[in-house]
Amino acid sequence: MQLLVSHVLVGVVFAVVGLCAGWWLCQHWPSAQLLTGVDDAQLARELMTSLHRLSVRMAADVGEHSARVGEVDQELTTQPHATSASLTALADRLLKANEVMQTKLSQAESKLDELHDRMEFHAAEARTDVLTGMPNRRAFEEAARQLLASQETGTELSLVMIDVDRFKRVNDQLGHPQGDKVLRRIGSTLLAHSPWQHLVSRYGGEEFAILMPNTTWEDARVQAERLRIAVHETQYRVGTSVLNMTISAGVAQLMEAETMESLIQRTDRAMYGAKHAGRDCVCWHDGFRVRVWKAAAQGGSASDGQTHRPASSAAPPPTPIELSEQCGMSIDESGPHAMADIDLCTPENVDLDLLHNLNNKTMFCQQVHRRICEFNRGGAPFSTMLLSVDNYAHLVHEHGVPTAELALGVVVQAIRDRVRNMDMLAKYDESTFGLILPGALLRHAVCIGERLRKEIHQVGIMVNGQPVSFTVSLGVVEVLDGDEMAAHVERACAQLAQASRRGGNRTGFTPSIAS
């Protein structure tokens with residue numbers, strides 16, 4: 001019997017190791033043409049070597065365990081009339097051998113978890129553009145394939161392709177480092193003015209691609225025009241001067257039975273149509289030809305990207321009232337639930353796998369550190385949010401750990417449904433989640449947080465026929481010049497603590513640092 005158990009353990013261990021190795025190979029090794037270079041190949045070799053060493057070590061451990069069990073089995077065979085004392089001694093040896101094996105299996109499980117986290121982290125890295133911190137072309141293509149595969153009859157999908165006008169002049173006249181800085185700022189502008197449902201990615205060079213699910217071409221061209229105006233009206237500081245940059249945008253909607261390659265080609269033709277129409281405008285492809293929807297920008301010769309003007313004085317920082325008006329809700333909303341006004345989830349409606357598969361605090365802090373380093377080198381800004389379930393200890397005491405875990409699961413589902421693919425969500429501590437929002441300024445991050453807080457405020461859990469309600473508090477901060485990871489996270493913790501001290505169900509932030 002014990003030998004059978006040992007062989008089962010061997011099978012389980014090798015199955016888990018094989019699954020991890022297979023996952024990594026399927027995700028990375030067959031797609032060698034997508035790898036960014038030597039670093040990716042070296043990473044793959046290192047991870048595969050770690051998996052191989054782990055499997056070899058586990059094979060040796062299981063072999064040793066099988067030998068010990070075999071020795072006990074042999075002694076039982078050769079001693080048919082063993083005394084109770086000898087049988088007890090043999091049972092103790094068998095029990096100790098099993099305990100040792102269990103410890104080694106637990107250690108192997110921890111190692112596999114560590115390798116899995118590394119794989120997930122580097123998989124996310126492989127889909128992030130190093131220069132802008134935005135999703136890269138690989139992320140765009142994967143999202144496009146997924147959207148195309150999940151398309152339902154009558155569901156609209158539109159694509160916008162954007163090219164920065166005369167960007168080569170910026171590089172030629174000011175140098176590539178300054179050009180990179182301008183490109184990062186344009187990427188931030190596009191992100192800041194795009195709904196969270198839209199995937200904004202750097203497609204390559206000075207081109208950006210935006211996937212717009214559930215969006216018709218009419219709505220897509222309106223959004224493209226908003227982005228064009230936002231870029232045109234943004235001041236891009238280079239040294240002591242300010243550049244006026246413009247973009248040309250192409251729009252197309254996925255037609256029936258059309259491939260993604262065809263959609264990209266039509267959108268690309270529309271974008272080049274905007275170039276030929278004078279730049280700083282939006283064109284769309286109606287399925288037959290390219291049409292100009294918006295003429296070149298009014299009032300100025302800014303389309304060459306080289307017009308300089310003195311920097312205007314910065315606008316005063318927004319107040320909580322101003323932000324609440326922009327978000328369409330109260331920043332200081334609190335108070336008890338009216339149970340008749342909330343939606344109740346049952347345990348069957350909560351996917352706890354989302355909760356259990358989150359990044360951990362270490363990975364969250366590593367990502368914050370990486371984003372800060374990129375920002376301090378001139379990269380895109382970002383905001384960080386800490387979101388915590390109010391009175392979590394009381395929730396555990398009154399309703400038990402399973403119910404409290406369901407509440408956490410509801411929070412994770414709400415966050416997952418409302419953030420972009422590029423946003424990083426992690427489990428910060430027992431009742432707190434960390435969220436990194438690349439490209440989001442404070443005002444936008446607070447609005448996102450407020451929508452989440454209000455939505456969670458309207459949700460409860462039905463457990464054993466009894467409704468259970470809960471609320472969340474948030475702390476939101478934006479990256480600052482010269483920031484460090486510890487100070488940045490500490491500011492977010494302080495804002496969260498302040499919101500909690502004021503009674504919970506609030507969003508804490510510092511208006512003076514908003515931009």
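In this chain, numbering begins with 1 at the start of the sequence shown.
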*Asks:* Measure across Gln253 and Glu156 and return the closest heavy-atom pair with its distance rounded to 0.1 Å.
*Replies:* NE2-CG, 3.4 Å
*Asks:* Between Arg184 and Glu374 (salt bridge meaning N to carboxylate O under 4.0 Å), is one present in this structure?
*Replies:* no
*Asks:* For Lys181, is the NZ atom crowded, meaning more than 12 foreign heavy atoms sit under 6.0 Å from it?
*Replies:* no
*Asks:* For the atom pair CG (Leu452) and NZ (Lys454), what is the distance rounded to the nearest 0.5 Å?
*Replies:* 13.0 Å
*Asks:* Evaluate Asp390 against Ser473 for side chain to side chain donor-acceptor pair (under 3.5 Å), listing each step before the verdict.
*Replies:* CA-CA 6 Å; Asp390 293 323; Ser473 292; 2.7 Å; yes
*Asks:* Which distance, rounded to the nearest 0.5 Å, do you find between the CG of Asn357 and the CG of Leu425?
*Replies:* 11.5 Å
*Asks:* Passes side chain to side chain contact (heavy atoms under 4.5 Å, CB included), Phe140 versus Ile264? Steps please.
*Replies:* CA-CA 11 Å; Phe140 166 83; Ile264 293 174; 3.9 Å; yes
*Asks:* Counting only heavy atoms not in His369, do more than 12 sit closer than 6.0 Å to its NE2 atom?
*Replies:* no
*Asks:* Restricting to non-hydrogen atoms, name the atom on Ser248 and the atom on Ala274 that form the minimum distance, rounded to 0.1 Å.
*Replies:* CB-CB, 3.8 Å
*Asks:* With a 4.5 Å limit on heavy-atom distance, are the side chains of Arg185 and Pro381 in contact?
*Replies:* yes
*Asks:* For a quick test of reading the model, state the closest non-hydrogen atom pair linking Gly133 to Arg371 and the distance between them.
*Replies:* O-NH1, 2.9 Å
*Asks:* Are the side chains of Thr432 and Tyr392 in touch, meaning some heavy atoms are under 4.5 Å apart?
*Replies:* no
*Asks:* When the ring centroid of Phe375 is compared with that of His488, is the distance short of 6.0 Å?
*Replies:* no
*Asks:* When you look at Leu441 and His444, which way does the side chain to side chain contact (heavy atoms under 4.5 Å, CB included) test go after all the steps?
*Replies:* CA-CA 5 Å; Leu441 304 180; His444 307 114; 3.6 Å; yes
*Asks:* To the closest 0.5 Å, what do you measure between CG (Leu408) and CD (Glu430)?
*Replies:* 8.0 Å
*Asks:* If you measure from CZ on Phe364 to CE on Met485, what distance do you get to the nearest 0.5 Å?
*Replies:* 9.5 Å
*Asks:* So, for Ala209 and Leu159, which heavy atoms are closest and what is the spacing to 0.1 Å?
*Replies:* CB-CD1, 4.5 Å
*Asks:* Please check: side-chain N/O of Gln495 versus main-chain N/O of Phe509, any donor-acceptor pairing under 3.5 Å?
*Replies:* yes
*Asks:* Count the heavy atoms belonging to other residues, nucleotides or ligands that lie under 6.0 Å from CD of Glu398, then report whether that count exceeds 12.
*Replies:* yes
*Asks:* Are Ser201 and Met134 side-chain neighbours, meaning at least one heavy-atom pair lies under 4.5 Å?
*Replies:* no
*Asks:* Kindly write out the residues that satisfy side-chain hydrogen bond (donor to acceptor under 3.5 Å, both in side chains) with Asn391, not counting sequence neighbours, or none if the list is empty.
*Replies:* none
*Asks:* Do the side chains of Glu206 and Asp163 get nearer than 4.5 Å, heavy atoms only?
*Replies:* yes
*Asks:* Test side chain to side chain contact (heavy atoms under 4.5 Å, CB included) on Thr246 and His232 and set out the steps.
*Replies:* CA-CA 5 Å; Thr246 63; His232 181 77; 3.5 Å; yes
*Asks:* Please name the pair of heavy atoms, one in Thr259 and one in Leu254, separated by the smallest distance, quoted to 0.1 Å.
*Replies:* O-CD1, 4.1 Å
*Asks:* Do Val476 and Thr384 have side-chain heavy atoms sitting under 4.5 Å apart?
*Replies:* no
*Asks:* Quick one: are Leu227 and Ile210 in side-chain contact, heavy atoms under 4.5 Å?
*Replies:* yes
*Asks:* Salt bridge (Lys or Arg N to Asp or Glu O under 4.0 Å) with Asp423: which residues, sequence neighbours excluded?
*Replies:* Arg420
*Asks:* State whether a side-chain donor-acceptor pair under 3.5 Å links Thr507 with Glu450.
*Replies:* yes
*Asks:* Determine whether a donor-acceptor pair (N or O, by modelled atom type, separation under 3.5 Å) exists between the side chain of Arg416 and the backbone of Val419.
*Replies:* no
*Asks:* Could you tell me if the side chain of Leu437 sits less than 4.5 Å from the side chain of Trp196, heavy atoms only?
*Replies:* no
*Asks:* Is a side-chain donor-acceptor pair under 3.5 Å present for His285 with Gln265?
*Replies:* no
*Asks:* Checking the side chain of Arg506 only, and the main-chain atoms of Gly504 only, is there a donor and an acceptor separated by less than 3.5 Å?
*Replies:* yes
*Asks:* Using side-chain heavy atoms (C-beta onward) and a distance below 4.5 Å, is Asn359 in contact with Gln367?
*Replies:* no
*Asks:* Taking all atoms of both residues into account, what is the closest heavy-atom pair of Cys493 and Tyr428, and its distance?
*Replies:* SG-OH, 3.7 Å
*Asks:* Determine whether more than 12 heavy atoms belonging to other residues, nucleotides or ligands lie under 6.0 Å from atom NE2 of His397.
*Replies:* no
*Asks:* What is the distance from atom CD1 of Ile372 to atom CD1 of Ile436, rounded to the nearest 0.5 Å?
*Replies:* 9.0 Å
*Asks:* Measure the CZ-CD1 distance between Arg202 and Ile186 for me, rounded to the nearest 0.5 Å.
*Replies:* 11.0 Å
*Asks:* Between Arg451 and Glu455, is the closest basic N to carboxylate O distance under 4.0 Å?
*Replies:* no
*Asks:* Can Arg138 and Glu141 be counted as an ion pair, charged N to O under 4.0 angstrom?
*Replies:* no
*Asks:* Does NZ or CZ of Arg137 come closer than 6.0 Å to the centre of the six-membered ring of Tyr203, within 45° of the ring's axis?
*Replies:* yes
*Asks:* Would you sort out whether Asp268 and Glu207 count as a side chain to side chain contact (heavy atoms under 4.5 Å, CB included), showing the intermediate values?
*Replies:* CA-CA 10 Å; Asp268 203 51; Glu207 289 189 23; 4.3 Å; yes
*Asks:* Please confirm whether the backbone N or O of Ala440 pairs with a side-chain atom of Glu478, one donor and one acceptor, at under 3.5 Å?
*Replies:* no
